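Let me begin by presenting the structure, written as structure tokens, before commenting on it.
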Amino acid sequence: MTATFELHPQLDSDSHDVATLALCRLRLLDDARYPWLLLVPQRAAVTQILDLDVDDQQLLWDEIRFLTTKLNELWRPARVNLGISGIIVPQLHVHLIARFENDAAWPRPVWNIGVPTTYPADLLASRLQALRAALEP
């Protein structure tokens, strides 16, 4: 029996669904301090990029490039950070984080800096709407 893709429960509880792309589920991390996206390849039992076949590896990079462009267009950050660690959640997922010179962690990495701020309903709705609109052709 072939295993099927299931989103890791931690990723599900810590983020909001944005869209389904060709390879990945696109999620918004529930931390209002940053526009912080997660890309989760919809492949079973994948923990590292090298677990993906070559075509899926290329598709992942294409989706990273596409979403980095969208983050830059929507929020004009100073930088977009890319992170792939898999230490706490083993399922392969890619972090794309829009960073600003006045954000909570600048100029340090965002990991373990301060306390995540849960999205208030209005800001969450606004961010999700902006992201979904940016994905439309």
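In what follows, every heavy atom counts, from backbone to side chain, and hydrogens, waters and symmetry copies are set aside. Model, not experiment: these values are computed from the prediction. Starting from 1, each residue takes its place in the sequence as its number.
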Return yes if some donor-acceptor pair links the side-chain N/O of [X] with the main-chain N/O of [Y] below 3.5 Å, else return no.
| X | Y | answer |
| --- | --- | --- |
| Arg99 | Tyr34 | no |
| Gln91 | Glu6 | yes |
| Arg27 | Ser15 | yes |
| Gln10 | Val89 | no |
| Asp103 | Phe100 | yes |
| Glu101 | Ala78 | no |
| Asp30 | Tyr119 | yes |
| Glu63 | Ala22 | yes |

Point-to-point distance, once rounded to the nearest 0.5 Å, from [atom1] of [X] to [atom2] of [Y]:
| X | Y | atom1 | atom2 | value |
| --- | --- | --- | --- | --- |
| His93 | Leu37 | NE2 | CG | 13.0 Å |
| Asp55 | Leu60 | CG | CG | 12.5 Å |
| Leu39 | Leu96 | CG | CG | 5.5 Å |
| Ser85 | His95 | OG | NE2 | 5.0 Å |

Measure the shortest side-chain to side-chain distance between [X] and [Y] over non-hydrogen atoms and say whether it is less than 4.5 angstrom.
| X | Y | value |
| --- | --- | --- |
| Leu92 | Val46 | yes |
| Leu7 | Arg25 | yes |
| Pro35 | Leu74 | no |
| Pro109 | Asn81 | no |
| Asp31 | Val110 | no |
| Arg65 | Asp62 | yes |

Give me the atom names and distance for the closest heavy-atom approach of [X] to [Y].
| X | Y | result |
| --- | --- | --- |
| Arg108 | Ile113 | NE-CD1, 3.7 Å |
| Leu128 | Asp17 | CD2-O, 3.7 Å |
| Pro77 | Leu71 | CD-O, 3.6 Å |

Option passing side-chain contact (heavy atoms from CB on, under 4.5 Å) with Leu59 (candidates Leu21, Val54, Ile64, Leu23)
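Among the candidates, only Leu23 passes.
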Find out if a path of hydrophobic residues (ILVMFWY) with successive side-chain heavy-atom gaps under 4.5 Å connects [X] to [Y].
| X | Y | value |
| --- | --- | --- |
| Leu131 | Leu67 | yes |
| Trp61 | Val80 | yes |
| Leu38 | Phe5 | yes |

Around atom [atom1] of [X], are there more than 12 heavy atoms from other residues, nucleotides or ligands closer than 6.0 Å?
| X | atom1 | value |
| --- | --- | --- |
| Glu73 | CD | yes |
| Arg79 | CZ | no |
| Asp53 | CG | yes |

Go through it in stages, so that I can follow the logic: the residues are Trp36 and Trp111, the test is ring pair (Phe, Tyr, Trp, His ring centres under 6.0 Å), and I'd like the CA-CA distance, side-chain angles, deciding distance and then a yes or no.
CA-CA 12 Å; Trp36 185 331; Trp111 318 114; 5.5 Å; yes
Under the side-chain contact (heavy atoms from CB on, under 4.5 Å) rule, what do Leu124 and His16 come out as? Steps first, then yes or no, please.
CA-CA 9 Å; Leu124 175 61; His16 304 277; 3.5 Å; yes
What's the verdict on salt bridge (charged side-chain N to carboxylate O under 4.0 Å, His left out) for Arg43 and Asp51, showing C-alpha distance, side-chain angles and the deciding distance?
CA-CA 9 Å; Arg43 301 294 184 259; Asp51 293 339; over 6 Å; no
Please lay out, stage by stage, how Leu82 and Ile97 fare under the test side-chain contact (heavy atoms from CB on, under 4.5 Å).
CA-CA 7 Å; Leu82 168 69; Ile97 311 158; over 6 Å; no
